[in-house]
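In this chain, numbering begins with 1 at the start of the sequence shown.
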Amino acid sequence: MRTQRLFSIVLCILSSLACFAQKIPVNPKFGAVSDAEIDLVVYEPDTAAAALMLYRECVVDFRLSNGGEILKETTVHERIKVLKEAGKSYGDYSFIYYSNSGTSERYSDIKVETFNRENGKVVRSKMSKNYVFDEKYSNTLRRRSFSAENVKVGSVIEVSYKFISPRYYDSEEISLQLGIPINKTHVEVKIAEFFSINRTRRGDIPMQYRSESYTASLGTEGALANVNEEIYDAVDVPALRSEPYSFCPSQYRAAVIYTMSGIRHESLYRNFSMNWDAVDKTIRESDIIAACQSRFRDADELRAAAGAAGDDEAAIVAARNLVAGKVKWNGESDLVPAAGKEVLASGSGSDADINALTASALNTLGYVAEPVMIRRRSSGGLMDYQISANSFDTFLLRVTTKDKSRVWFLDAARDEGYLDVLNPEFLVNKARLVPFEGSGQWLDLTHLAQNRITVLASAEVSEDGVLSGKAKISAQNESSYSVKSRYRSFDSEEAFLEDLEADENVEVTSFNIQKEYGPKVEMSYEFKKEHDSGERLYIRPVLSLYHPEAAFQKEERKIPVDFPYPESLNYTFVLNIPEGYVVEELPESKSLSCPPVEGRIVFQMRQAGNNVSAVYRFVMGKSFVPAEDYADLRLFWETAAGIEKSTIVLRKK
């Protein structure tokens with residue numbers, strides 16, 4: 001990813017006259033949809049596109065209100081053509097915004113219309129207020145959502161809205177590229193002379209840039225000020241789509257980012273140039289530190305539970321389980337916890353609430369449990385211009401033993417985790433520890449534990465061709481987190497087993513899983529499969545497809561590959577061959593290395609008498625792969641997928 005300063009006439013030189021020659025001419029006036037736009041069936045430059053952004057306009061105005069309040073006002077106008085069934089989702093909008101004392105934001109002037117050709121005529125459908133929803137998202141956030149009406153393949157959807165925020169100091173990221181192609185985009189950013197703004201460009205799409213200056217009346221009493229308006233135009237912008245194994249593809253799309261660094265207006269002077277020490281100070285002065293350091297209310301019960309546990313690890317887990325037994329996670333994620341008394345009384349809370357209560361418990365016991373600020377991987381990597389406490393999404397804990405001999409990281413809210421076993425979203429290379437004393441520290445959480453899956457499977461074939469066997473699976477650390485998450489994603493164990501049977505193409509006859517809170521999960525099951533009677537039997541030695549070949553079918557990839565975590569797979573399979581059958585064909589043994597992921601594959605097939613054995617080892621030591629190494633990764637992955645689909649062929653004598 002490349003960044004550069006935008007405030008330069010050089011961009012005008014780099015831009016092309018093609019900026020005014022978009023493939024589909026559009027009238028930017030709301031509602032002025034042409035017959036050509038309505039009758040468009042396929043977008044020739046990108047025939048795979050599910051939808052096309054015919055026109056997108058974004059106007060950002062850093063201004064003073066009539067009451068003298070500094071505001072950031074963003075007006076958006078979009079016109080979208082639905083080309084395929086999947087494109088209908090582009091008629092659904094959802095926004096998260098702040099709604100708390102002093103920083104309340106608001107959406108207004110929402111206007112949505114849908115255009116369809118029906119019986120040769122253009123039918124225009126206006127969205128009713130019944131399709132607009134506003135609901136609580138967390139203690140400080142709300143969600144505004146709305147949906148266009150009468151959306152179908154062929155529809156043109158037109159949307160406009162205004163967003164007003166007093167959080168003018170937050171970075172404003174204006175997208176110039178989306179997950180669908182853009183026919184034409186137009187951006188205006190208006191900056192009064194007393195605002196000091198930093199500009200950053202991401203991506204390298206061709207565009208035209210120009211700036212204009214004028215005098216305008218701003219704020220109270222008609223005060224005049226010079227305003228600089230910066231304008232960007234781009235046409236025929238290709239889509240940069242989501243790809244498998246990418247937590248946040250939008251962070252690689254072209255954009256311009258504006259960040260306010262200061263204000264100088266009459267008697268008002270503010271400097272927003274921040275450093276991370278200042279952010280640490282803000283966090284220390286928030287309710288986060290106070291909640292973590294507060295005395296746990298049920299101290300006697302806590303000490304009894306920890307005292308019966310044994311060593312430090314068991315005592316920390318006992319404290320976590322005590323809190324989790326009192327407060328259930330409500331599925332929400334937050335940055336600042338609510339008051340512990342209120343959370344305990346309600347019996348449920350966000351991850352911040354539960355982590356703060358657990359920190360309170362551990363600090364009461366004499367451990368040191370300090371907050372580690374996290375920006376989720378799905379929110380994108382932490383950029384240099386995002387020096388703010390608001391750049392983080394939530395926090396987890398770093399727990400240090402009383403003698404300082406051992407440190408663990410803990411997210412107490414999620415039952416799938418454990419000490420040093422975290423939600424893969426939290427396995428970031430830049431987490432910010434805010435200690436109770438001393439300076440903040442950057443931490444790398446990407447390699448906290450060794451993640452491993454071990455599979456032992458055996459099977460035999462009866463004389464009438466029925467395959468029966470059993471498998472035992474042990475998953476450790478992050479691998480156990482994924483197994484537990486997948487199991488709990490199903491409504492019932494029966495639904496989980498149906499999915500397992502479909503994956504392995506067998507009938508599961510017995511099943512057992514041990515999924516207690518801990519760093520390990522074990523699963524075992526017995527299975528059978530009836531083969532069609534015939535001269536040959538085809539048996540897969542690797543029962544499950546751990547590396548689906550569909551993941552990396554594209555020959556090229558423009559964004560990095562971001563796996564959840566490094567992992568190794570140790571798989572052993574033994575097949576007993578009955579009398580009356582002989583081995584006609586065995587899969588080929590293979591070995592391959594892949595330096596970009598510190599990867600290694602070893603697959604060995606052996607026959608000894610009536611037994612055939614398969615040993616399969618897959619190691620991936622790195623989780624992040626740059627786009628330039630995609631070809632090597634693709635070959636590595638295809639090799640694994642081929643091994644997992646290989647078959648043993650038995651033939652009747």
**Study point:** Over-ring placement of Arg414 relative to Trp329, 6.0 Å and 45° cut-offs
**Key:**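 Relative to the ring axis of Trp329, which defines the angle, Arg414 lies inside both limits.
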So that I can tick it off, tell me whether [Y] and [X] are bridged by a salt bridge, with the cut-off set at under 4.0 angstrom between side-chain N and carboxylate O.
{"X": "Glu549", "Y": "Lys645", "answer": "yes"}
{"X": "Arg202", "Y": "Glu173", "answer": "yes"}
{"X": "Arg375", "Y": "Asp393", "answer": "no"}

Review point. If you look only at pairs with a residue in residues 582-592, which of them pass as a side-chain hydrogen bond (donor to acceptor under 3.5 Å, both in side chains), with sequence neighbours excluded?
Key: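 For residues 582-592: Arg536-Glu584, Glu584-Arg651.
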Name all residues meeting the ring-ring contact (aromatic ring centres under 6.0 Å, His included) criterion together with [X]; count only those two or more places apart in sequence or in a different chain, and write none if there are none.
{"X": "Phe490", "value": "Phe496"}
{"X": "Tyr93", "value": "Phe146"}
{"X": "Tyr137", "value": "none"}
{"X": "Tyr367", "value": "none"}

Practice item. List the steps, then state whether side-chain contact (heavy atoms from CB on, under 4.5 Å) holds for Ile643 with Ile601. Key: CA-CA 10 Å; Ile643 289 170; Ile601 290 173; 3.6 Å; yes
What's the spacing between [X] [atom1] and [Y] [atom2] if we round to 0.5 Å?
{"X": "Leu586", "Y": "Thr647", "atom1": "CG", "atom2": "OG1", "result": "10.0 Å"}
{"X": "Thr358", "Y": "Leu322", "atom1": "OG1", "atom2": "CG", "result": "9.0 Å"}
{"X": "Arg376", "Y": "Leu427", "atom1": "CZ", "atom2": "CG", "result": "13.5 Å"}

Validation: residues 571-580 side-chain donor-acceptor distances under 3.5 Å, sequence neighbours left out:
{"residue": "Tyr571", "atom": "OH", "partner": "Pro541", "partner atom": "O", "Å": "2.8"}
{"residue": "Tyr571", "atom": "OH", "partner": "Leu543", "partner atom": "N", "Å": "3.0"}
{"residue": "Asn576", "atom": "ND2", "partner": "Asn611", "partner atom": "OD1", "Å": "3.2"}

Check your understanding: salt bridge (charged side-chain N to carboxylate O under 4.0 Å, His left out): which pairs involve residues 617-636, sequence neighbours left out?
Key ->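 Sorted result for residues 617-636: Arg634-Glu638.
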Between [X] (side chain) and [Y] (backbone), is there a donor-acceptor pair under 3.5 Å?
{"X": "Trp637", "Y": "Pro548", "result": "yes"}
{"X": "Glu644", "Y": "Tyr546", "result": "yes"}
{"X": "Gln386", "Y": "Met383", "result": "yes"}
{"X": "Asn477", "Y": "Ala449", "result": "no"}

Is it the case that the side chains of [Y] and [X] hold a donor-acceptor pair, with the cut-off being a distance below 3.5 Å and no angle test?
{"X": "Glu493", "Y": "Tyr487", "value": "yes"}
{"X": "Thr446", "Y": "Asn429", "value": "no"}
{"X": "Arg600", "Y": "Ser568", "value": "no"}
{"X": "Ser350", "Y": "Asp353", "value": "yes"}
{"X": "Ser378", "Y": "Glu425", "value": "yes"}
{"X": "Asn423", "Y": "Asp411", "value": "no"}
{"X": "Ser333", "Y": "Asp351", "value": "yes"}
{"X": "Glu478", "Y": "Tyr418", "value": "no"}

Practice item. Determine, stepwise, if the pair Val602 / Tyr616 fulfils side-chain contact (heavy atoms from CB on, under 4.5 Å). Key: CA-CA 6 Å; Val602 176; Tyr616 175 37; over 6 Å; no
Point to revise | side-chain contact (heavy atoms from CB on, under 4.5 Å) between Phe395 and Asn355, worked out | key: CA-CA 8 Å; Phe395 69 91; Asn355 279 321; 3.8 Å; yes
Practice item. Assess the pair Phe618 and Phe636: is the distance between their ring centroids shorter than 6.0 Å? Key: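 Centroid distance Phe618-Phe636: below 6.0 Å, so yes.
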Point to revise | CA sep, side-chain torsions, deciding dist, call: Leu500, Tyr525, side-chain contact (heavy atoms from CB on, under 4.5 Å) | key: CA-CA 10 Å; Leu500 178 65; Tyr525 58 94; 4.2 Å; yes
Practice item. List in chain and number order the residues that pass side-chain contact (heavy atoms from CB on, under 4.5 Å) with Val153, two or more places apart in sequence or in another chain; answer none if no residue qualifies. Key: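 Val153 satisfies side-chain contact (heavy atoms from CB on, under 4.5 Å) with Glu85 once adjacent residues are dropped.
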Point to revise | For Lys554, all residues meeting side-chain contact (heavy atoms from CB on, under 4.5 Å), sequence neighbours excluded | key: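 Once residues adjacent in sequence are excluded, the partners of Lys554 under the side-chain contact (heavy atoms from CB on, under 4.5 Å) criterion are Glu243, Tyr630.
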Check your understanding: If you take all heavy atoms of Lys430 and Leu382, which pair is closest and at what distance?
Key ->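 Of all heavy-atom pairs spanning Lys430 and Leu382, the closest is NZ-O, 4.3 Å.
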Check your understanding: salt bridge (charged side-chain N to carboxylate O under 4.0 Å, His left out) with Asp562: which residues, sequence neighbours excluded?
Key ->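 Partners of Asp562 by the salt bridge (charged side-chain N to carboxylate O under 4.0 Å, His left out) criterion, ordered by chain and then number, come out as Arg377.
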Check your understanding: With Arg143, which residues qualify under salt bridge (charged side-chain N to carboxylate O under 4.0 Å, His left out), at least two apart?
Key ->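 Partners of Arg143 under the salt bridge (charged side-chain N to carboxylate O under 4.0 Å, His left out) test: Glu135.
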Using distance only, find each side-chain donor-acceptor pair of residues 511-523 under 3.5 Å and give its atom names and separation, not counting sequence neighbours.
{"residue": "Lys520", "atom": "NZ", "partner": "Glu522", "partner atom": "OE2", "Å": "3.2"}

Exercise for review: Please indicate whether Arg488 has more than 12 foreign heavy atoms, meaning atoms of other residues, nucleotides or ligands, lying under 6.0 Å from its CZ.
Suggested key: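 Yes, enclosed.
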